[in-house]
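Report on one structure; see the data block that follows.
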Amino acid sequence: MGEQGFWHENESYIDSVLNKVNMLAEDTYIYILHLKQNRAWFSETAKTYFGIRDTYSTDHFEIMRGLVHPDDWWEYEEGLPQRMRGENLDWELCVRMKGVSGEYHMFSIHTGIVTDEKNAEEYLLVLLHNENVLPRIDALTDLYSQARFTDDIEAEIGKKSPFAVLMIKLERFNNLNIIYGNDFTNQILKETALQFIYMMNENSAVYRLDGPKFGFILRGCGREKLLDFEQALREKLAKGIHINNTRVTLKICAGAILIEQYEGKADALKSKAAYALGHSETEHQGKLIIFNDEVRTSKNVDLELMKVIHQSVREGCEGFYVEYQPIVASETGRIAGAEALVRWRREPYGIVPPGMFIEWMETDPGMYELGNYVLRTALGETVGLLSVLPEFVLNVNVSARQLEREEFRAEVLRILKETEFPASHLCLELTERCRDMPIESIKREVEFFREYGIRMAMDDYGTGSASSGIVLHAPMDEIKLDMSFIRGIIEDTKKQAMVRSIVEFANNSGMSTCLEGVETEELQNYLRSYRATWFQGYYYSKPIEIKKFRELVQKISFY
Ligand code: C2E
Ligand code: CA
Ligand code: CA
């Protein structure tokens, strides 16, 4: 047949051949210059990596100038024509180039010329090879490497179906190293790797991590499968592996994370699995620890969670949202308003209620941003309700970190203006946690906001000593009685006396009252005799997202 007919006539066919070739060449990117036309062709891989828009371009020069590090530009600009002329060939051309992520990597550049029938130069073929990528294969065990582990997790996240990441560590490996030496332990690693490879199927992959650690990705894997798999690993290693006629039995510690759906980065998942592995080693004698369980049970993980939450606040309150719990008129049960309650949601933690972070967060300067975020979001989301419920009042919790800042006053007014929310329909709730602020400055702030018609409530009244001080000195509009006084009140005469006297005190001092924690109809009916102004509690509704709250407002009023 000869050479004729080998290539398809269609140009787009050559395109796909080139693109395929480039896909096979890992960490290398192709572009081709048509010298006579002064036009460039970029492969799909190059386009994706460097964020280049078009396949064909007449301003490839400008494109390259944007990608090559400014300090290396002269090298590229001079080096490339030199290589084309066949000069300087024994010296590899290397420049830093920026990927779409914005990060610079070192690239070696290789070129080739294709000439036409008359031997005139027609195409310049340029291969850009990323020299900074870590090896994908572990040299000792021939398993996939740490770098590949990260990439594969990333790819798995993208598929949006369940999987598990498991990390294990061979126990007491350092001791073996000391006793038997490096060669022997390297043999162990190789042999262990081999055993693992036998255990893999199309839904699982094994990776060598640093030292005596191995990673696994288990696709379509839930809790049970994970437990089975981990058990099988243990059994295999407990049977022992043979090295130079010596049988070595191995024990492991193990940490894992189960993923249903996850939006974040692979690194975050890896560090969570690593966290669980660490716990397995230090606190659970090597038993498999699943990160998802730890978050709910261990105090220590809260620290980790705090770190992530803190980071979220810094990233513009990413992951935070607001829920609304109705506040009803005690006599009629009709919705009179709502309290805005912040939540944080992110995989793999799920929905985290403020009880888990607000006290801690309130010691952090970031609370200022978070508090203002809640205010802005809540006003923006509920302002529309005023047309349906003209009496609607929105309660928003305010922390000392907000109140103590000079700029807070202006910020509140700005948010009201931006959201077109009428000031007299906003109620700011202060809590005991303002106790560290001088009472005089609390008073000043309360007075300031009231001048604009904003209502001020004392939250969790009666749970600490600060709240009575605040109520006595600052002109508050409302007292919210803490749930602890309401729970069990039907059988508790002391609570009854207390609530009665607080409501009376409020009435006599021109303040309204709200009783929190109304969980049942029975409790509601009983509490009516106290003549408090408002009720709030699960009987009416748990805190719900704005969409549901709107539906609730449309549908129901309570009697
Ligand atoms: P809080 O201001 O006393 O809010 C009422 C809490 O009681 C809410 O918990 C609510 O879900 C819960 N609750 C309401 N009705 C019932 C009931 O009938 N039974 C029971 N058992 N619980 C009920 P949540 O949302 O977990 O909030 C906890 C605390 O976190 C709040 O207590 C408040 O002090 C603080 N918080 C919430 N959002 C914010 C915010 O945006 N800023 C500030 N500074 N604090 C907030
Ligand atoms: Ca509150
Ligand atoms: Ca409260």
Side-chain angles (χ1 to χ4, degrees), residues 309 313 317 319-328 337-345 351-382 393-405 408 412 415 426-437 455-464 466-467 470-471 476-489 502 513-524 527 532 534-545 548-549 558:
I309 290 183
V313 173
C317 297
F320 287 95
Y321 67 102
V322 181
E323 285 191 343
Y324 302 87
Q325 184 177 36
I327 295 174
V328 308
E339 176 172 1
L341 295 157
V342 69
R343 270 101 187 78
W344 185 76
R345 173 175 43 203
I351 296 174
V352 181
M356 279 181 78
F357 62 81
I358 207 86
E359 275 205 50
W360 172 85
M361 203 56 218
E362 283 190 342
T363 64
D364 187 287
M367 189 62 220
Y368 182 73
E369 269 75 44
L370 179 58
N372 293 346
Y373 165 83
V374 173
L375 190 63
R376 192 175 308 114
T377 309
L379 294 189
E381 287 186 340
T382 56
V393 172
L394 178 72
N395 285 35
V396 181
N397 294 284
V398 164
S399 85
R401 294 291 84 77
Q402 295 167 274
L403 207 59
E404 71 191 2
R405 289 267 285 263
F408 184 57
V412 172
I415 293 174
L426 171 64
C427 175
L428 299 179
E429 297 189 6
L430 308 186
T431 67
E432 275 289 319
R433 299 190 294 270
C434 289
R435 61 186 157 265
D436 295 335
M437 271 178 84
R455 300 173 55 84
M456 301 299 293
M458 186 68 235
D459 196 6
D460 301 341
Y461 186 80
T463 54
S467 50
I470 296 173
V471 166
M476 306 299 284
D477 294 281
E478 179 185 334
I479 285 176
K480 293 187 83 173
L481 250 92
D482 190 64
M483 275 182 270
S484 52
F485 296 108
I486 306 303
R487 190 166 296 134
I489 189 172
I502 293 172
T513 42
C514 177
L515 305 188
E516 292 188 282
V518 181
E519 292 186 351
T520 61
E521 185 175 14
E522 184 197 10
L523 198 53
Q524 170 200 255
L527 287 171
W534 294 295
F535 287 160
Q536 183 179 351
Y538 290 172
Y539 172 56
Y540 308 104
S541 166
K542 291 200 168 184
I544 46 182
E545 288 191 50
K548 287 230 176 96
F549 187 77
F558 299 94

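Positions are given from 1 along the sequence. Every number for a ligand or one of its atoms is a count from 1 in the order of the listing. Fair warning: this is a prediction, and the values are worked out from it, not measured in the lab.
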3.0 Å cut-off met by an N, O or S atom of Asn397 to the Ca ion (ligand 2):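 It does; at least one qualifying atom falls short of 3.0 Å.
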
N/O/S atom of Asp460 inside 3.0 Å of the Ca ion (ligand 2), strictly under: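 Checking the Ca ion (ligand 2) against Asp460, no N, O or S atom falls under 3.0 Å.
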
Residue Glu516, metal the Ca ion (ligand 3), N/O/S under 3.0 Å: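 True for Glu516.
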
Heteroatom test (N, O or S) for Asp482 near the Ca ion (ligand 3), limit 3.0 Å: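 False for Asp482.
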
What part of [X], side chain, backbone, both or neither, has a heavy atom within less than 4.0 angstrom of ligand 1?
X      : answer
Arg433 : side chain
Asp482 : neither
Gln536 : neither

4.0 Å protein heavy-atom contact status of atom 26 (O) of ligand 1, strictly under: yes

Identity of the N, O or S atom of Asp459 lying closest to the Ca ion (ligand 3): OD1

Please verify whether a non-hydrogen atom of [X] lies at under 4.0 Å from ligand 1.
X      : result
Arg487 : yes
Pro543 : yes
Met367 : yes
Arg343 : yes
Met361 : no
Met483 : yes

Atom name in Glu339, limited to N/O/S, at shortest distance from the Ca ion (ligand 2): OE2

Taking atom 28 (C) of ligand 1 as the reference point, the nearest protein heavy atom with its distance: Pro354 CG, 3.9 Å

Donor-acceptor under 3.5 Å (Tyr373 side chain, Phe320 main chain):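 Yes: the side chain of Tyr373 pairs with the backbone of Phe320.
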
Heavy-atom donor-acceptor pair, Gln325 side chain to Ser541 backbone, under 3.5 Å: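 Checking the backbone N and O of Ser541 against the side chain of Gln325, a donor-acceptor pair under 3.5 Å is found.
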
